[in-house]
Every structure is written in structure tokens, then in C-alpha cells.
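Chain naming here is simple, since letters A, B, ... match the order of the sequence lines and numbering starts at 1 in each.
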Amino acid sequence: MPELPEVETVRRGLAPVIEGRTFARVVQRRTTLRVPMPENFVARMTGRRVISIGRRAKYLLWTLDNGEVMVVHLGMSGRMSILSPPDKDGNGRHDHVVFHMDDGVRVVFTDPRRFGLITLVAENDLEDHRLFCHLGPEPLGNAFDGGVLSSVLRGRKSPIKTTLLDQKVVVGLGNIYVCEALFRAGISPRRSAATVAGKRADRLVPHIRDVLTEAIEAGGSSLRDYAGADGELGYFQNAHAVYGREGEPCPGCACGGGVQRIVQSGRSTFFCAARQR
DNA sequence: ACGAGAACCTGTTTGC
DNA sequence: TGCAAACAGGTTCTCG
């Protein structure tokens, strides 16, 4: 479910409410998500204060006052939501962890498919941790530009669509925003990655930045179960030019063929064959 | 070393 | 109506 804009939206919803608060009680209902939960998770969390909530790639990073970081990934169907008093109880079938803060605020981690994960990592070991050591640059950071992208794309024979989904190339993009960025850049998802290196990469980078930035401003894309931490739905799905729009006319293009859906590496790709070359 | 495909899960939609 | 297949925002492992 969540790509960078959705995770960032969750982070922005959580941070002002949670930063500075202490875990008064933690209720853990599952020992395993995508990977096993940390040993003694409840004991290690209880009494800790949250210094800050950050993000790297699609991971939420809760920095704690003991030098550890709670790492959260939402997988395909995960949510982290703040329950306000009259709200639901956090006892749903897929509510795996409930965090009770010292001011009465409750945060629930819900994930029907359990592709998400929660783990604890020492802050100093974060960069070298197996989850992080292979990650590419942040697409909205200074370390990402056409030259950097080109250097990774050169020598890659696979289609640009699947290459951009590889978090070693650049982080944060998922199926929606790859399709949207390639559409905006007029680049065919089937084109081999190596042929995008150079001028096409220079053209693509600003579109990646723009589509992610616009999506964050819109609170992300709410298709099925995604919502921000406050339960608000994003509305960027209304701005999707191609994703999920098979058969619809391609916006701003009189090609007549409309948006096509193909499958690449087992996942749907949406694009306009006339505009994207 | 690289890339395609499978696997991990549950829920919802689609098609016969 | 009913059941089976297809599909879903991600990551990681295996195999060729």
C-alpha cells in the first residue's frame, strides 16, 4: 500500500502528537509479522520516551531515549493510526500492536496481510543494518540527481519500470508513483534502464520529485485501506494520470489508444504507448 | 551478478 | 447465487 508519500503523511500525522511522549503501556498481540517481533518487545518499549519520528525510504523511524530506534514498515496493507477516546478500541482482528502513551493517546498498528514489520535497532547500527545498508538515495534529497541516477541505470538491462522499483536504485517509489513519473517524463516503462541514462534521466528526476512532492501535499493516495495517522484519507488518487486507469483516455493526449495495462515482473504497469517512448 | 518469478498473507473484486 | 480466480500500495529469497 504505502509508498513514500503515504509513509511521509503518516509520519507527519504522528510526529506532533507522539514526539516527547512516553510509552505507558504496550499491548502486543502477535509475535511475528513479516519477520519476528523483537525479543521482549513490550518490556523494551515500556517507559521509553520518543525523541523524534523520522523516515528513511518507506520506513518510519521512532528514535527513543535509550539510543534505540523502533523501525516500522507498513508493507502493502499496514496502517499506523491514532485512536482518539471515543474511537474504535484497537482490538480488531488485524490490530497487532497498541501503544498507550502517557497522555492517554493510543496508536494502533494494523496490518491484515502482515507484510509489514516492527523491529528495534540501535541508532548507531542503523546505517549498517540489513534493512538499510543497501538502500539507494532519497528521491527528495540533494544526493539524487540525473547523474546519480544515470550511473546506476547504465549497465542495467531490465525495463526502467522494474528498475525504479528496486530500492537500491532510488528509494520510496512504488507501483503508483513509478507509473506516474514515467508518464510525466514521456518514457516507456518497457524501455531498458540503460537507455534512460543520460538526458532521459535528467528529464525523469524532476518528474519523480514533483509527483512525490505533490502527492505528499495531497496526503498521499487512498485506494483501499490507506489513511493517514489521523484517519484522514489522501486525495492524490484523483490526480493519477494513468495508475488504475486502464482504458481511460490518456490525459492531454489525443492518441485515442488510451491508457494500457501490461504486466512486468508480475506487477501491473499503466502507461500511454503514444506519449511514452 | 543479474533478473524473472515465487513466496509471504488476507481481503475484495471479477468472471464463469 | 456461488465459487474460483485474479488482483492489491512491498520486500526478499530462489533459481536459471
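In 5' to 3' order, the nucleotides of DNA chain B bounding all contacts with chain A (an atom under 4.0 Å from a heavy atom) are B/dG3 to B/dG11.
For the pair A/Phe115 CZ and C/dT12 C1', the interatomic distance rounds to 11 Å; values are reported in whole Å. As a whole-Å value, the separation of A/Leu74 CG from C/dG10 C1' is 11 Å. Look at CD on A/Glu246: it is 10 Å from P on C/dA8, rounded to the nearest Å. When the C1' atom of C/dT11 is taken as reference, atom CE of A/Met76 falls 10 Å away, rounded to whole Å. The CG-P distance, from A/Leu131 to C/dG10, rounds to 16 Å in whole Å. Straight-line distance from the CG atom of A/Leu60 to the C1' atom of C/dG10: 14 Å, rounded to whole Å. Distance CZ (A/Phe270) to P (C/dC7): 10 Å, rounded to an integer number of Å. Look at CZ on A/Arg79: it is 20 Å from P on C/dA8, rounded to the nearest Å.
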task: Show the numbers, then the answer: is there a side-chain hydrogen bond (donor to acceptor under 3.5 Å, both in side chains) between A/Thr195 and A/Arg191?
output: CA-CA 7 Å; A/Thr195 69; A/Arg191 174 179 283 282; 3.1 Å; yes
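Screening A/Leu126, A/Asp128, A/Leu131 for a side chain to side chain contact (heavy atoms under 4.5 Å, CB included) involving A/Val121 leaves a single residue, A/Leu126.
With both ends at atom P, the span from B/dG11 to C/dT12 equals 24 Å, rounded to whole Å. C/dG2 and B/dC9: their C1' atoms are spaced 24 Å apart (whole Å). B/dA1 and C/dG10 have their C1' atoms separated by 23 Å, with the value rounded to a whole Å. Using P as the reference atom, C/dA6 and B/dG5 are 16 Å apart when rounded to the nearest Å.
In this structure, A/Gly174 reaches the sugar-phosphate backbone alone: every heavy-atom distance under 4.0 Å involves primed, P, OP1 or OP2 atoms, never a base. As judged by a 4.0 angstrom heavy-atom cut-off over every strand, A/Leu33 is placed among residues making no nucleic acid contact. Looking at heavy-atom distances under 4.0 Å, A/Pro5 makes no contact with the nucleic acid at all.
Stems are defined here as 3 or more consecutive Watson-Crick or G-U wobble pairs with pairing distances under 3.5 Å; those involving DNA chain C are B:2-8 with C:10-16, B:10-16 with C:2-8.
In this structure, the side chains of A/Thr119 and A/Met70 stay at 4.5 Å or more apart for every pair of heavy atoms. The shortest side-chain heavy-atom distance between A/Glu19 and A/Leu14 does not fall under the 4.5 Å cut-off. Side-chain atoms of A/Ile118 and A/Phe109, non-hydrogen and from C-beta on, do get closer than 4.5 Å to each other. Contact annotation: the side chain of A/Leu74 never approaches that of A/Asp111 to less than 4.5 Å [non-hydrogen atoms, C-beta and beyond].
Note: A/Phe183 and A/Phe270 fail the aromatic proximity criterion, with ring centroids not under 6.0 Å apart.
Checking the phosphate oxygens (OP1, OP2) of C/dT11, a side-chain nitrogen or oxygen of A/His73 falls inside 4.0 Å. A sub-4.0 Å separation between OP1 or OP2 of C/dG10 and a side-chain N or O of A/Arg267 is present. Note on A/Arg34: a side-chain N or O is less than 4.0 Å away from OP1 or OP2 of C/dT12. The shortest distance between the side-chain N/O atoms of A/Ser268 and the OP1/OP2 oxygens of C/dC7 is not below 4.0 Å. In this structure, A/Gln167 reaches the C/dT11 phosphate: one of its side-chain N or O atoms is under 4.0 Å from OP1 or OP2. For the OP1/OP2 pair of C/dC13 and a distance below 4.0 Å, the side-chain nitrogens and oxygens of A/Arg130 include at least one atom meeting the criterion.
Using a 4.0 Å cut-off between charged side-chain N and carboxylate O, A/Lys58 and A/Glu3 make no salt bridge.
No donor-acceptor pair under 3.5 Å is formed between the side chain of A/Asp166 and the backbone N or O of A/Thr163. Side chain of A/Thr162 to main chain of A/Pro159: a donor-acceptor pair is present (N/O by atom type, distance under 3.5 Å, no hydrogens or angles).
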